[in-house]
Amino acid sequence: MAHTPFSELLQGDLQTLEANLRDLLDPHLSEKEHLSLLNLACGRGDETGVLAKLLAEKSKSAHLQGLDIRAAEIDQANSRWKKELAEKEGNISTDFITHRGDRLRDLAEIGTPDIAFLRHQNYWNDKPVWTQIFDQALERLDDDGLLVITSYFDQEHELATAALEKLGAIQVGSIINPNSRTLSDAPGKSVDKHLAIFRK
Ligand SMILES: C[S@@+](CC[C@H](N)C(=O)[O-])C[C@H]1O[C@@H](n2cnc3c(N)ncnc32)[C@H](O)[C@@H]1O
């Protein structure tokens, strides 16, 4: 049987993510002149084009700030997305920096994002660090701010949700992705299997 090229699989994942994020955000994200999104632990930020498209539907201009501890991935994200967004979505800027999400308090210049986003949050890998990431992300938001997570695993999603609620977050929406692409590197793992949206 012929294998589907990885680029096609990725494209399918992103199309599904776009549809699910639109459904999740739509009731909660008001239109605004300018929107800002903080993509925490973003890795290469493959979903940046999807996020830019969704923000463009709700605003005249937007800024996407990405952050991860892995410098090589951040370099890739900057090389790809600064150019691509400038060509496709001229009113949307982006910037990716190498920084710890659990040291967000050191980054005053990031300000108050409208949305804090964590795709494939990794709570169970290091609960104390991710509790700090969640806590400092929530601290950044104002009363209208939204925090969105996606998760690979059922149990990790439950644990992350419980941790966020313990920090005072209120879950206002969630989606289980029935077409989530299964990954073979760990049992029960699949792409953007769960999505959830929180307010403070
Ligand atoms: C499961 S990966 C998800 C990456 C990306 N969001 C995605 O969906 O492909 C978890 C990410 O968390 C990042 N990470 C781990 N600890 C971190 C920390 N303390 N601060 C910022 N990023 C961190 C890793 O480098 C990795 O990119």
Side-chain angles (χ1 to χ4, degrees), residues 6-21 24-25 37-55 64-81 84 94-107 109-110 113 115-140 146-161 163-164 167 175 177 179-198:
F6 181 66
S7 58
E8 265 179 46
L9 295 175
L10 198 61
Q11 204 46 42
D13 296 340
L14 291 174
Q15 276 168 7
T16 308
L17 178 67
E18 179 182 326
N20 284 332
L21 277 179
L24 199 68
L25 282 168
L37 180 144
L38 175 60
N39 190 353
L40 289 158
C42 62
R44 286 182 317 203
D46 288 341
E47 66 285 356
T48 302
V50 165
L51 297 172
K53 195 170 167 191
L54 294 173
L55 294 183
L64 281 152
Q65 176 70 57
L67 174 160
D68 198 283
I69 44 172
R70 292 186 294 166
E73 277 71 10
I74 287 296
D75 286 348
Q76 283 185 50
N78 273 319
S79 315
R80 175 177 179 193
W81 290 108
E84 262 191 54
T94 191
D95 184 37
F96 295 87
I97 54 170
T98 307
H99 192 85
R100 296 188 66 93
D102 50 312
R103 299 289 299 272
L104 202 53
R105 285 191 192 113
D106 299 346
L107 289 180
E109 65 273 23
I110 280 184
I115 304 168
F117 179 70
L118 298 113
R119 185 177 185 208
H120 299 133
Q121 56 75 26
N122 211 189
Y123 176 75
W124 65 4
N125 192 44
D126 191 336
K127 291 176 186 163
V129 163
W130 283 82
T131 300
Q132 277 301 314
I133 297 175
F134 291 160
D135 193 25
Q136 294 183 37
L138 288 168
E139 205 175 274
R140 282 283 161 155
L146 301 168
L147 186 143
V148 175
I149 63 169
T150 88
S151 309
Y152 281 127
F153 299 94
D154 298 335
Q155 200 199 346
E156 185 180 34
H157 188 74
E158 277 171 34
L159 292 172
T161 298
L164 279 159
L167 293 167
I175 290 176
N177 181 358
N179 305 315
S180 177
R181 179 168 63 90
T182 303
L183 299 173
S184 55
D185 58 329
K189 183 176 182 184
S190 68
V191 179
D192 297 311
K193 188 169 193 182
H194 293 267
L195 298 89
I197 184 164
F198 300 83

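No hydrogens, no waters, no symmetry mates; every other heavy atom, side chains included, goes into these values. These numbers were taken from a predicted model, which means no experiment stands behind them. Starting from 1, each residue takes its place in the sequence as its number. In listed order, ligands and their atoms are each counted from 1.
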Polar side-chain atom of S180 near backbone of V191 as donor-acceptor pair, under 3.5 Å: yes
Heavy-atom donor-acceptor pair, T150 side chain to H120 backbone, under 3.5 Å: yes
I need the nearest protein heavy-atom contact for [atom]: residue, atom name and distance, please.
atom	value
atom 20 (N) of ligand 1	G101 N, 2.7 Å
atom 7 (C) of ligand 1	H120 ND1, 3.8 Å
atom 14 (N) of ligand 1	I69 CG1, 3.7 Å
atom 13 (C) of ligand 1	D68 OD2, 3.3 Å

For G43, the ligand 1 atoms whose distance to one of its heavy atoms is below 4.0 Å: 27 (O)
Enumerated ligand 1 atoms positioned under 4.0 Å from heavy atoms of C42: 5 (C), 6 (N)
W130, portion touching ligand 1 at heavy-atom distance under 4.0 Å: side chain
Minimum non-hydrogen distance to atom 12 (O) of ligand 1, winning option of A41, A77, S151, G66: A41
Derivation of the side chain to side chain donor-acceptor pair (under 3.5 Å) call for N177 and H194: CA-CA 6 Å; N177 181 358; H194 293 267; over 6 Å; no
Close N or O approach ([X], ligand 1; < 3.5 Å):
X	result
Y152	no
V129	no
N122	no
D102	yes

Has [X] got more than 12 heavy atoms of other residues, nucleotides or ligands less than 6.0 Å from its [atom1]?
X	atom1	answer
R105	CZ	yes
K189	NZ	yes
R44	CZ	no

Rounded distance (nearest 0.5 Å) linking atom CG of N179 with atom CG of D13: 11.0 Å
Value rounded to 0.5 Å, distance of CG in L9 from CZ in R181: 4.5 Å
